[in-house]
Amino acid sequence: MVPRCFIIRHGETEWSLNGRHTGTTDLSLTENGEKRIKATGKALVGNDRLIAPKKLVHVYVSPRTRAQRTLELLELGCKERFPWSEKRKPENEEPIRTEAKVEVTEAIREWDYGDYEGLTSKQIREQRAERGEGSWDIWRDGCPGGESPEDVIRRLDALIAEIREKYHNPCIESGESEGGDVLIVAHGHILRAFAMRWIGQPLTETALILEAGGVGTLSYEHHNIEEPAIILGGSFVVEN
């Protein structure tokens, strides 16, 4: 199999439910958000399912609590304890299913919204209109007091290069079929930007949606590291 990169947006929070831009603010999942992530884990995580723990080689997770809690609820069965936990669950609660290391990284923290933190898109546009400012598009304009698209591109491109160099290219070159998948658990805007940069496209062309708790799959065409692609529909793994 060609190695894949799974991107998972954290589950629902009060602010994601209300459409408020949530960057640096550290919110918990709602009760419904936790239930939906648990259901996602049961449906998609398993060695005979879309995300096969035994094929994972690395997991990247945002520093925010909402992303880390999402990863916990997926129950991948990581061998090591999570970096933010004192110990892992006993094996009778969560059996070990993957050797993948979990890494907390700023590279996939949410877009820094700066002055727009906590505001909805409607509120942002109303404020700009009151000040006589023009239209606003985060993919083009970024956020005053926060990050520009160029800032986001720099950190995402560096991470994508790392994933390809350390995990995917060795897998493709060796023809290894038993591993190579990478999992990223993060946030809505940053993961949509990540998908666009994965295929080398400018953020101004972004026309992707990733719902709270949603899962996306990125990979390559023709077993070629130079042909990155977005998988529109992924198949489950079937043992030989």
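Values below: every heavy atom of this structure, side chains too, minus hydrogens, waters and symmetry copies.
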Smallest separation among heavy atoms of [X] and [Y], with atom names:
| X | Y | value |
| --- | --- | --- |
| T30 | E14 | CG2-N, 3.6 Å |
| M196 | T206 | CG-OG1, 3.2 Å |
| T22 | W15 | OG1-CB, 3.2 Å |
| A186 | I108 | CB-O, 3.4 Å |
| C78 | T98 | CA-CG2, 3.6 Å |
| I163 | C5 | CD1-SG, 4.5 Å |

Is there a side-chain contact between [X] and [Y] in this structure, where contact means two heavy atoms from C-beta onward sitting under 4.5 Å apart?
| X | Y | value |
| --- | --- | --- |
| P3 | Y167 | no |
| S135 | R128 | no |
| I138 | C143 | yes |
| I153 | L203 | yes |
| S121 | W136 | yes |
| L29 | L73 | yes |
| I51 | L56 | yes |
| V104 | Q68 | yes |

For [X] and [Y], indicate whether the former's side chain and the latter's backbone hold a donor-acceptor pair under 3.5 Å.
| X | Y | value |
| --- | --- | --- |
| R9 | V185 | no |
| T13 | S16 | yes |
| E80 | V102 | no |
| E117 | T25 | yes |
| R49 | K42 | yes |
| R97 | P53 | no |
| T105 | A107 | yes |
| R197 | Q201 | yes |

Does [X] come within less than 4.0 Å of [Y], counting only side-chain N to carboxylate O?
| X | Y | result |
| --- | --- | --- |
| D157 | R154 | no |
| K35 | E31 | yes |
| E12 | R66 | no |
| K89 | E75 | yes |
| D181 | K55 | no |

Evaluate whether atom [atom1] of [X] has more than 12 neighbouring non-hydrogen atoms of other residues, nucleotides or ligands under 6.0 angstrom away.
| X | atom1 | result |
| --- | --- | --- |
| R69 | CZ | yes |
| Q127 | CD | yes |
| E165 | CD | no |

### Task
Spell out, yes or no, whether L208 and L159 are grouped together once hydrophobic residues are joined by side-chain heavy atoms under 4.5 Å, including indirect joins.
yes
### Query
Among the clusters formed by ILVMFWY side chains lying less than 4.5 Å apart, do I199 and I225 turn up in the same one?
yes
Just verifying a value: how many Å separate [X] [atom1] and [Y] [atom2], rounded to the nearest 0.5 Å?
| X | Y | atom1 | atom2 | answer |
| --- | --- | --- | --- | --- |
| K166 | C171 | NZ | SG | 15.5 Å |
| I184 | L156 | CD1 | CG | 8.5 Å |
| T120 | Q123 | OG1 | CD | 3.5 Å |
| L44 | L74 | CG | CG | 9.0 Å |
| I172 | S219 | CD1 | OG | 7.0 Å |
| L183 | L71 | CG | CG | 6.5 Å |

### Message
Using side chain to side chain contact (heavy atoms under 4.5 Å, CB included), reason through T65 and L27 one step at a time and then give a plain yes or no.
### Response
CA-CA 7 Å; T65 299; L27 299 179; over 6 Å; no
### Side-chain donor-acceptor contact under 3.5 Å, E173 with N169
yes
### Task
Kindly indicate, with the supporting measurements, whether the criterion side chain to side chain contact (heavy atoms under 4.5 Å, CB included) is fulfilled by E86 and R81.
CA-CA 7 Å; E86 292 184 3; R81 67 173 178 80; 5.8 Å; no
### Query
Which is it for R20 and Y116 under the side-chain hydrogen bond (donor to acceptor under 3.5 Å, both in side chains) test, yes or no, and what are the steps along the way?
CA-CA 9 Å; R20 297 171 67 181; Y116 296 158; over 6 Å; no
### Message
For S62 and H10: C-alpha separation, side-chain torsions, deciding distance, then whether side chain to side chain contact (heavy atoms under 4.5 Å, CB included) applies.
### Response
CA-CA 10 Å; S62 160; H10 65 76; over 6 Å; no
### Task
I would like to know whether V182 and F6 meet side chain to side chain contact (heavy atoms under 4.5 Å, CB included); could you show each step before the answer?
CA-CA 6 Å; V182 170; F6 298 106; over 6 Å; no
### Query
So, do H58 and Y60 have ring centers that fall under 6.0 Å from each other?
yes
### Given E147, H21, H189, the one that forms side chain to side chain donor-acceptor pair (under 3.5 Å) with Y113
H189
### Task
Go through the steps for W111 and H187 under the test ring-ring contact (aromatic ring centres under 6.0 Å, His included), then give the verdict.
CA-CA 8 Å; W111 199 305; H187 312 269; over 10 Å; no
